[in-house]
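All remarks here apply to the structure that follows.
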There are 2 protein chains.
Amino acid sequence: MARRKDKLKLGAFLLFTGHHVAAWRHPAAGEGTSLGDYVELARLAEAAKFDTIFFADGVAARLSNLEAASRKAHSGVYPFEPITLLSALSAVTTSIGLIATASTSYSDPYNLARQFASLDHLSGGRAGWNLVTSSDPEAAFNFGHEAHIQHGDRYERAEEFADVVLGLWDSWEDDAFPRDKPSGRYFDKDKLHVLNHKGQHFKVRGPLNTPRTPQGHPVVVQAGASGPGKELAARTAEAIFAAQITLDEATAFYADVKGRLGKYGRSEDDLKILPGIFPVVGRTEAEAHDKFEQLQDLIQPEVGLGLVSALAGGFDLSSYPLDGPVPDLPETNAGKSRQALVIDLARREKLTIRQLYLRIAGARGHWQVVGTPEQIADTMEERFENYGADGFNIMAPIMPGGLKDFIELVVPELRRRGLFRQEYEGSTLRDNLGLKRPANRFSRHAAAAAE
Amino acid sequence: MARRKDKLKLGAFLLFTGHHVAAWRHPAAGEGTSLGDYVELARLAEAAKFDTIFFADGVAARLSNLEAASRKAHSGVYPFEPITLLSALSAVTTSIGLIATASTSYSDPYNLARQFASLDHLSGGRAGWNLVTSSDPEAAFNFGHEAHIQHGDRYERAEEFADVVLGLWDSWEDDAFPRDKPSGRYFDKDKLHVLNHKGQHFKVRGPLNTPRTPQGHPVVVQAGASGPGKELAARTAEAIFAAQITLDEATAFYADVKGRLGKYGRSEDDLKILPGIFPVVGRTEAEAHDKFEQLQDLIQPEVGLGLVSALAGGFDLSSYPLDGPVPDLPETNAGKSRQALVIDLARREKLTIRQLYLRIAGARGHWQVVGTPEQIADTMEERFENYGADGFNIMAPIMPGGLKDFIELVVPELRRRGLFRQEYEGSTLRDNLGLKRPANRFSRHAAAAAE
């Protein structure tokens with residue numbers, strides 16, 4: 001196969017004590033509860049020339065299984081809210097992209113458009129918005145709803161939400177603010193565009209009260225892998241945090257999503273697919289497995305069982321024998337793609353409930369690789385060269401050590417193979433991801449060019 | 001009169017190019033459009049031991065008079081959104097308080113509670129929320145409403161909004177997260193409290209998915225001076241940004257608000273009153289007046305007239321002769337207290353429309369003092385010693401120069417008189433403002449102490 005000409009992209013998916021569910025109990029884990037912890041991680045990733053740091057988010061503590069929740073760091077109680085945290089990090093970094101998750105189901109499009117625009121201004125063009133619809137059934141109760149919002153309704157709202165936000169981001173043309181002291185002209189009225197959106201879910205007049213941002217608009221990222229999720233991504237996303245485990249699943253997903261771009265007038269380069277990878281790196285295979293087992297030994301049974309239940313769509317498995325097979329589960333209203341991934345894994349490998357929780361506890365359903373730097377680089381290279389990925393979102397098992405391991409051991413190996421950059425290509429997230437800067441849809445210049 | 005034993009507080013009210021409406025046209029004005037501009041201002045204020053930096057906000061561009069709006073920097077189009085901007089500044093400052101404005105009419109209480117909690121964590125206990133109800137009639141159209149929300153309805157919603165936010169901030173007790181590695185206990189279930197709020201405007205279950213913050217909760221600040229505004233402040237605010245112009249008005253407002261605290265079980269020390277002051281400082285009187293006239297000469301007539309209309313409740317004065325008297329105006333739905341201030345000023349001094357706009361253009365209705373450092377310190381001392389203020393929110397006419405002038409010339413004079421601190425009293429905003437750290441309403445310890 002012909003070697004790909006582009007280089008792979010790397011994101012650091014930061015999750016306080018680390019992505020392994022028991023990482024917080026490890027003696028070497030940081031607490032991840034002070035800004036300084038994240039400044040350290042962000043600077044590590046930036047020194048290694050990562051494209052982005054990324055934060056997940058949710059708008060409810062996940063406490064339906066309170067005993068299990070109280071025994072782990074990953075119960076949806078975050079030390080910081082991501083937009084504020086990334087804003088803080090914008091002041092102490094210079095080049096790395098800053099991607100925050102925010103929900104279309106439980107946010108307001110005007111406020112969200114404005115905060116992400118502000119982050120893009122603060123960072124000089126390094127902001128990204130990971131658009132999620134919030135599959136957590138608990139979230140609705142914090143926002144005035146009597147019940148969880150159905151999957152289909154969430155995606156319908158998300159479609160319109162994205163349109164409003166993208167429209168608001170074009171409220172002003174790039175050169176709308178001459179701020180000309182002699183003539184007294186602060187902005188140019190002809191370069192102001194009022195959205196006047198009136199839809200099913202939103203009525204938003206505009207304009208956004210923030211100038212157009214350095215990147216034109218922040219990079220739009222998505223993660224949904226259901227049908228509506230892929231369609232929304234094909235229409236509006238510029239990067240996808242994918243979650244397929246096998247190479248076959250990854251290449252199929254890649255081809256599926258990239259194949260949907262054409263009908264929206266977009267090219268394959270306009271959307272980068274970045275699977276999550278949970279790498280446990282050792283200088284030898286034995287060292288890697290040793291590191292992994294140290295973490296596995298810290299998993300409490302209440303936590304493992306609760307994790308499987310949560311990933312399997314909120315369905316409670318506690319009444320089934322731990323060492324029996326995973327039962328057939330009804331389809332629920334939670335994230336459909338996640339549920340399918342978990343159940344497919346159990347079926348494929350004929351796992352018991354206990355084996356399943358030990359298998360997925362680490363990466364919590366994501367793609368897990370335990371090995372030497374060469375082995376991990378081999379796997380990444382294979383997935384990249386076979387068009388299963390344009391890059392990877394690194395989910396270090398433990399912070400900061402796991403991220404340091406990856407940077408010190410795997411990144412040099414990727415560079416030796418010519419797969420990863422030596423220096424940043426530019427100063428914005430778009431420059432580094434290789435994404436075009438979008439034209440303003442309303443500008444007469446753009447309209448003329450399109451005629 | 002006995003000298004007050006406490007010292008006065010100082011806030012720096014940062015508004016990009018400065019508070020004078022024509023400051024942006026001055027050759028020495030910064031653009032205030034890059035993070036670096038605000039890092040410089042924040043560090044200046046922190047080096048001078050100011051209590052806080054403060055940002056106003058609105059959620060709509062104020063474009064009803066488009067020609068006037070396009071000729072000024074103060075048209076509601078902000079270079080940054082305040083919560084994100086202050087989060088960025090939290091990473092590059094260590095001691096100064098960070099107060100952001102956010103609206104109860106156009107925000108969601110769960111998201112707002114969480115972002116301010118996050119800012120308090122990021123800054124190690126330096127966050128403040130300036131609660132506003134958004135008097136701007138344009139804002140409603142960006143949030144799905146068909147018309148402006150009435151003053152009374154806004155305050156009713158604000159009362160409940162504040163209760164929800166304060167309740168969510170007590171979701172976890174201070175020591176709810178032992179993060180005990182050996183026992184595997186990350187949080188203590190007994191120190192979690194679910195709000196279960198069900199009111200007229202909001203249904204919010206909780207808990208907030210953020211631990212309790214370093215200050216217990218962020219400092220709550222308000223600015224409303226109407227009857228409902230003062231009552232809400234007396235019940236929930238810990239600082240007020242007041243806007244009275246004369247000493248008599250200031251002492252009356254001070255006594256009025258402080259007098260309302262008792263019925264809510266609060267003492268006078270629990271609420272600090274900080275009037276805005278627009279100081280034009282010169283080494284001599286002539287230099288001060290010269291500086292002021294330089295700015296006044298830059299005011300464009302369209303802007304001056306538009307400003308008066310906006311402050312007078314959105315009422316359009318453009319059909320009246322510029323050199324004729326200010327006509328009687330009908331009461332509008334906009335901020336009532338602002339409107340009264342402007343009209344009282346015109347009546348008291350028998351101003352024409354042109355004279356009125358020249359008079360209020362600078363401080364836009366706020367208290368303006370032009371003079372030497374001694375004269376400005378005299379005025380501040382008088383207002384402080386007569387219980388018209390617990391401190392001041394400094395509205396520099398031009399940035400960064402006007403703030404530098406105040407710091408270099410007036411602050412040393414205040415220190416010579418023993419009125420202002422030499423060093424910060426503590427590390428949190430509460431420490432420096434002299435505010436108690438609130439007990440968690442739900443903790444058994446607090447409940448037992450109250451019995």
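Using a 4.5 Å cut-off between heavy atoms, A:E302 makes no contact with chain B at all. When heavy atoms are compared at a cutoff of 4.5 Å, B:V92 approaches chain A solely by way of its side chain, counted from C-beta outward. In this structure, no portion of A:P109 lies under 4.5 Å from any heavy atom of chain B. Neither the backbone nor the side chain of A:S103 comes within contact range of chain B; no heavy atom of the residue lies under 4.5 Å from a heavy atom of that chain. For A:P211, the parts lying near chain B are the backbone and the side chain together; criterion is any non-hydrogen pair under 4.5 Å. Residue contact with chain B, scored on non-hydrogen atoms closer than 4.5 Å, is absent for A:Y38. Both the backbone and the side chain of A:F143 come within contact range of chain B, each with at least one heavy atom under 4.5 Å from a heavy atom of that chain. Using a 4.5 Å cut-off between heavy atoms, B:A69 touches chain A through backbone and side chain atoms alike. Using a 4.5 Å cut-off between heavy atoms, A:Q115 contacts chain B through both its backbone and its side chain. Heavy atoms of B:H201 lying under 4.5 Å from chain A are absent altogether. Of the two parts of A:N142, the backbone and the side chain both hold a non-hydrogen atom closer than 4.5 Å to a non-hydrogen atom of chain B. For a residue to count as touching a neighbouring chain, one of its non-hydrogen atoms must lie under 4.5 Å from one of that chain's; by this rule B:L63 touches chain A with the side chain only.
Scanning residues 183-193 of chain A against chain B with a 4.5 Å non-hydrogen threshold yields A:S183, A:G184, A:R185, A:Y186, A:F187, A:K189, A:L192, sorted by number.
Ring orientation note: the planes of A:H217 and A:W169 are close to parallel, at an angle under 30° on the 30°/60° scale. Ring planes of B:F161 and B:W129: tilted class, angle from 30 to 60°.
A salt bridge links B:R212 and B:D170; the closest N-O separation between the charged side-chain nitrogens and carboxylate oxygens is under 4.0 Å. By the 4.0 Å N-to-carboxylate-O rule, B:D136 lies too far from B:R62 to be salt-bridged with it. Ion pair A:R114/B:E81 not flagged as a salt bridge, since none of the NZ, NE, NH1 or NH2 atoms sits closer than 4.0 Å to an Asp/Glu carboxylate oxygen.
Top candidate by heavy-atom pairs under 4.5 Å with chain B, chosen from A:V303, A:L119, A:L89, A:D180, is A:D180. For the set B:T84, B:V204, B:V164, B:V39, the entry with the most heavy-atom pairs within less than 4.5 Å of chain A is B:T84.
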